[in-house]
Peer 1: 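Sharing a structure here in structure tokens format.
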Amino acid sequence: MGVSYIDFKEVDATTYDAIVVGSGFAGAVTARQLAERHGCRVLVIEKRPHIAGNMYDEYDDAGILVHRYGPHIFHTNEQRVFNYVRQFSGWIAYQHHVLADWFGTYMPVPFNKNSLEIAFGEERAAQLIAKLVDVFGDERKVTINELREQQDPDLAEIADFVYKNVFLYYTQKQWGQTPDQVDPSVTARVPVFISRDDRYFQDTYQGMPALGYTALFEAMLGYDGIDVCLSTDATSVFELVFQDGDEDARLSAIKVKDTVFTGPIIYSGPLDELFVGRFGRLPYRSLDFVYETYEQEHKLPCGTVNYTVSEDYTRITEFKYLTAQSAPNTTIMKEYSRAYEDPETQIPYYAIINDENRAHYERYLDMTKSLSNFFPLGRLAEYRYYNMDRIISLALDLSAEIGDKLAAGEMRVER
Ligand SMILES: Cc1cc2nc3c(=O)[nH]c(=O)nc-3n(C[C@H](O)[C@H](O)[C@H](O)COP(=O)(O)OP(=O)(O)OC[C@H]3O[C@@H](n4cnc5c(N)ncnc54)[C@H](O)[C@@H]3O)c2cc1C
């Protein structure tokens with residue numbers, strides 16, 4: 001069946017067992033599980049004019065399937081997660097490859113044995129590879145900090161090369177930082193892969209939904225008992241009730257259409273937005289995407305090219321590699337990283353995670369802890385970076401936990 005779309009004006013909230021805010025993987029998986037496994041009627045509230053969250057894809061004017069919120073490649077080591085998404089779509093096998101554009105020469109990312117040969121020439125690379133294998137073993141990922149800890153000039157040379165040519169400028173563009181602002185803990189994690197494996201991900205299960213993500217989400221949300229309200233912002237339809245009527249106190253209830261909603265509310269939007277940024281906005285990085293179509297079969301040598309020493313965009317993706325679409329023309333997308341300044345016009349993409357911002361987030365989270373039927377879930381509501389597979393896994397767990405509570409008679413909607 002197709003997705004049941006409903007105008008919020010027509011909604012009688014008392015007829016639903018659960019409300020889900022957001023239709024990305026956090027929201028869609030939870031909605032589907034609550035409806036299918038636990039017999040709930042679920043209302044999904046989505047502020048965008050379409051479902052599928054950041055995974056949303058559509059055909060552009062040139063007839064090419066493009067991702068509108070950044071390129072999304074599915075990869076997981078969790079079989080349960082892969083089996084779950086496979087129910088809703090056919091899948092094509094796809095292994096993502098990323099090349100760094102290094103002064104006009106391409107080298108594989110993560111930096112590996114093949115990259116070493118390109119950067120240092122075959123003879124020197126052979127010496128460096130022998131040293132790497134000798135110290136760390138073959139087919140291992142080591143960080144540039146681990147290389148430096150060895151106090152070995154060869155290994156330090158590799159670490160310095162990767163830092164300067166693969167990591168530094170890219171990271172500065174991505175996070176809008178100067179070199180001295182780049183957190184050492186981030187630098188510490190930059191990997192060198194002692195391998196000839198040029199794939200970007202090494203997960204057991206990798207692929208792309210055959211008809212695209214939007215079609216997959218339509219199959220997931222097209223289920224008896226799920227209604228979806230598009231172009232509806234939860235912050236404008238939720239009325240927050242605070243303990244003792246004090247707006248600085250914790251939440252005591254959420255009203256929808258003047259009635260306290262007692263069923264589970266799964267919220268996958270930003271927590272600060274819910275409280276109108278009472279303690280100030282949570283910091284994020286945003287992105288701008290610029291699309292270009294070319295009358296040629298392919299523009300790039302692989303799915304994504306990272307610009308690690310030049311250009312003001314971070315990377316370019318050519319979707320046809322990801323989607324296996326066959327067409328005489330192609331569309332590429334350049335990604336520009338931006339400061340997140342205006343929630344009205346920009347999208348929060350990457351939480352800027354550090355101790356201060358985490359504490360800032362915790363203040364918002366604390367206001368919700370008093371509400372036993374409120375469940376923040378997802379990259380925005382938890383102020384974290386999650387890959388798709390992780391969020392699907394968490395959504396499966398959360399919906400099971402909520403299902404148990406409903407079965408035990410908790411959080412029931414009075415009718
Ligand atoms: C540029 C980029 C590339 C990525 N590439 C990959 C990749 O290749 N592989 C991978 O595994 N992961 C990737 N990710 C991570 C992936 O996007 C997340 O794992 C996924 O989006 C998490 O799903 P979610 O439901 O938590 O969030 P989202 O997909 O963002 O969904 C949240 C939904 O909530 C809605 N919403 C927000 N506020 C409100 C509100 N107030 N009222 C109503 N609705 C609201 C939003 O409109 C959105 O539809 C990438 C992320 C980014 C930013």
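Just so it is clear, the structure is predicted and the values come from calculations on it, not from any experiment. For reference, positions follow the sequence shown, starting with 1. When a ligand or atom number is given, it counts from 1 through the structure's own listing order. Values below: every heavy atom of this structure, side chains too, minus hydrogens, waters and symmetry copies.
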Peer 1: Is I391 close to ligand 1, meaning an N/O of one under 3.5 Å from an N/O of the other?
Peer 2: no
Peer 1: Once ring-ring contact (aromatic ring centres under 6.0 Å, His included) is applied, what residue pairs with a partner in residues 36-58 remain, sequence neighbours excluded?
Peer 2: H50-Y56, H50-Y69
Peer 1: Got an N/O contact under 3.5 Å between G70 and ligand 1?
Peer 2: no
Peer 1: Test your reading of the structure: does F201 have an N or O sitting under 3.5 Å from an N or O of ligand 1?
Peer 2: no
Peer 1: One residue to check: L377. Relative to ligand 1, which of side chain, backbone, both or neither has a non-hydrogen atom less than 4.0 Å away?
Peer 2: neither
Peer 1: Among protein heavy atoms, which sits nearest to atom 1 (C) of ligand 1, and what does the distance come to when rounded to 0.1 Å?
Peer 2: Y350 OH, 3.2 Å
Peer 1: List ligand 1 atoms under 4.0 Å from L287, heavy atoms only on the residue side.
Peer 2: 1 (C)
Peer 1: Please state whether I51 comes within less than 4.0 angstrom of ligand 1, counting heavy atoms only.
Peer 2: no
Peer 1: Which residue and atom name correspond to the protein heavy atom nearest atom 25 (O) of ligand 1, and how close is it?
Peer 2: A26 N, 3.0 Å
Peer 1: Please identify which atoms of ligand 1 are closer than 4.0 Å to at least one heavy atom of G378.
Peer 2: 26 (O)
Peer 1: Can the ring centroids of Y364 and Y383 be said to lie less than 6.0 angstrom from one another?
Peer 2: no
Peer 1: Is there at least one pair of N or O atoms, one from I73 and one from ligand 1, spaced under 3.5 Å apart?
Peer 2: yes
Peer 1: Mark yes or no for whether T30, through its side chain, and A26, through its backbone, hold a donor-acceptor pair below 3.5 Å.
Peer 2: yes
Peer 1: Return yes or no for this condition: an N or O of F74 is under 3.5 Å from an N or O of ligand 1.
Peer 2: no
Peer 1: May I ask you to check whether R379 has an N/O atom sitting below 3.5 Å from an N/O atom of ligand 1?
Peer 2: yes
Peer 1: Of all the atoms in ligand 1, which lie at a distance below 4.0 Å from a heavy atom belonging to D233?
Peer 2: 40 (C), 41 (N), 42 (N)
Peer 1: Given S337, which partner from the list R285, Q174, K173, R315 fulfils the side chain to side chain donor-acceptor pair (under 3.5 Å) test?
Peer 2: R285
Peer 1: Which ligand 1 atoms, with their elements, are less than 4.0 angstrom from a heavy-atom of G53?
Peer 2: 29 (O), 31 (O), 48 (C), 49 (O)
Peer 1: Cation-pi check for Y16 against R41: NZ or CZ below 6.0 Å from the six-membered ring centre and within 45 degrees of the axis, yes or no?
Peer 2: yes
Peer 1: Taking the six-membered ring for Trp and the full ring for Phe, Tyr or His, determine whether the centres of Y200 and H75 are under 6.0 Å apart.
Peer 2: no
Peer 1: Record the part of V21 in heavy-atom contact with ligand 1 below 4.0 Å; permitted values are side chain, backbone, both and neither.
Peer 2: side chain
Peer 1: Would you please say whether a donor-acceptor pair under 3.5 Å links the side chains of N112 and D198?
Peer 2: yes
Peer 1: Which protein non-hydrogen atom lies closest to atom 18 (C) of ligand 1, naming both residue and atom, and how far is it?
Peer 2: Y386 O, 3.3 Å
Peer 1: When you measure from the centre of the six-membered ring of Y386, is the NZ or CZ of R379 closer than 6.0 Å and no more than 45° off the axis?
Peer 2: no
Peer 1: So, regarding P270 and ligand 1 (criterion: nitrogen or oxygen to nitrogen or oxygen, under 3.5 Å), is there a contact or not?
Peer 2: no
Peer 1: Got a donor-acceptor contact below 3.5 angstrom from the D203 side chain to the Y205 backbone?
Peer 2: no
Peer 1: Please work out which of V237, N54, I45 has its closest non-hydrogen atom nearest to atom 29 (O) of ligand 1.
Peer 2: N54
Peer 1: Strictly by modelled atom types, are T330 and E318 linked by a side-chain donor-acceptor pair under 3.5 Å?
Peer 2: yes
Peer 1: When you measure from atom 42 (N) of ligand 1 to every protein heavy atom, which one gives the shortest distance, and what is it?
Peer 2: A234 N, 2.9 Å
Peer 1: Can you tell me which residue and heavy atom of the protein come closest to atom 34 (O) of ligand 1, and the distance to 0.1 Å?
Peer 2: G22 CA, 3.3 Å
Peer 1: So which protein heavy atom does atom 37 (C) of ligand 1 come closest to, and at what separation?
Peer 2: G269 CA, 3.6 Å
Peer 1: Could you walk me through whether S195 and E139 satisfy the side-chain hydrogen bond (donor to acceptor under 3.5 Å, both in side chains) test, starting with their C-alpha distance in whole Å, then the side-chain angles of each, then the deciding distance to 0.1 Å, before giving a yes or no?
Peer 2: CA-CA 5 Å; S195 175; E139 298 299 322; 2.8 Å; yes
Peer 1: Suppose I only count heavy atoms of T232 and a 4.0 Å limit; which atoms of ligand 1 are within that range?
Peer 2: 42 (N), 43 (C)
Peer 1: Please determine which of Y170, F167, F161 meets the ring-ring contact (aromatic ring centres under 6.0 Å, His included) test together with F111.
Peer 2: F161
Peer 1: With respect to Y349, determine whether any N or O atom, backbone or side chain, lies less than 3.5 Å from an N or O atom of ligand 1.
Peer 2: no
Peer 1: Give a yes/no verdict on a cation-pi contact between K257 and F8, requiring under 6.0 Å between NZ or CZ and the six-membered ring centre and an angle within 45° of the axis.
Peer 2: yes
Peer 1: Quick one: which of R48, E46, K47 has a heavy atom closest to atom 35 (C) of ligand 1?
Peer 2: E46
Peer 1: What protein heavy atom is closest to atom 13 (C) of ligand 1, reported as residue, atom name and distance in Å?
Peer 2: Y385 OH, 3.3 Å
Peer 1: Is H72 in polar range of ligand 1, meaning some N or O pair under 3.5 Å apart?
Peer 2: yes
Peer 1: Under 4.0 angstrom from ligand 1, any heavy atom of R390?
Peer 2: no
Peer 1: Honestly, is R148 close enough over Y163, meaning NZ or CZ under 6.0 Å from the six-membered ring centre and within 45° of the axis?
Peer 2: yes
Peer 1: Does a salt bridge link K405 with E401, judged by any charged N lying under 4.0 Å from a carboxylate O?
Peer 2: yes
Peer 1: Would a line drawn from the ring center of F279 to the ring center of F275 be shorter than 6.0 Å?
Peer 2: no
Peer 1: Write out the residue and atom name of the closest protein heavy atom to atom 5 (N) of ligand 1, then the distance separating them to 0.1 Å.
Peer 2: P71 O, 3.1 Å
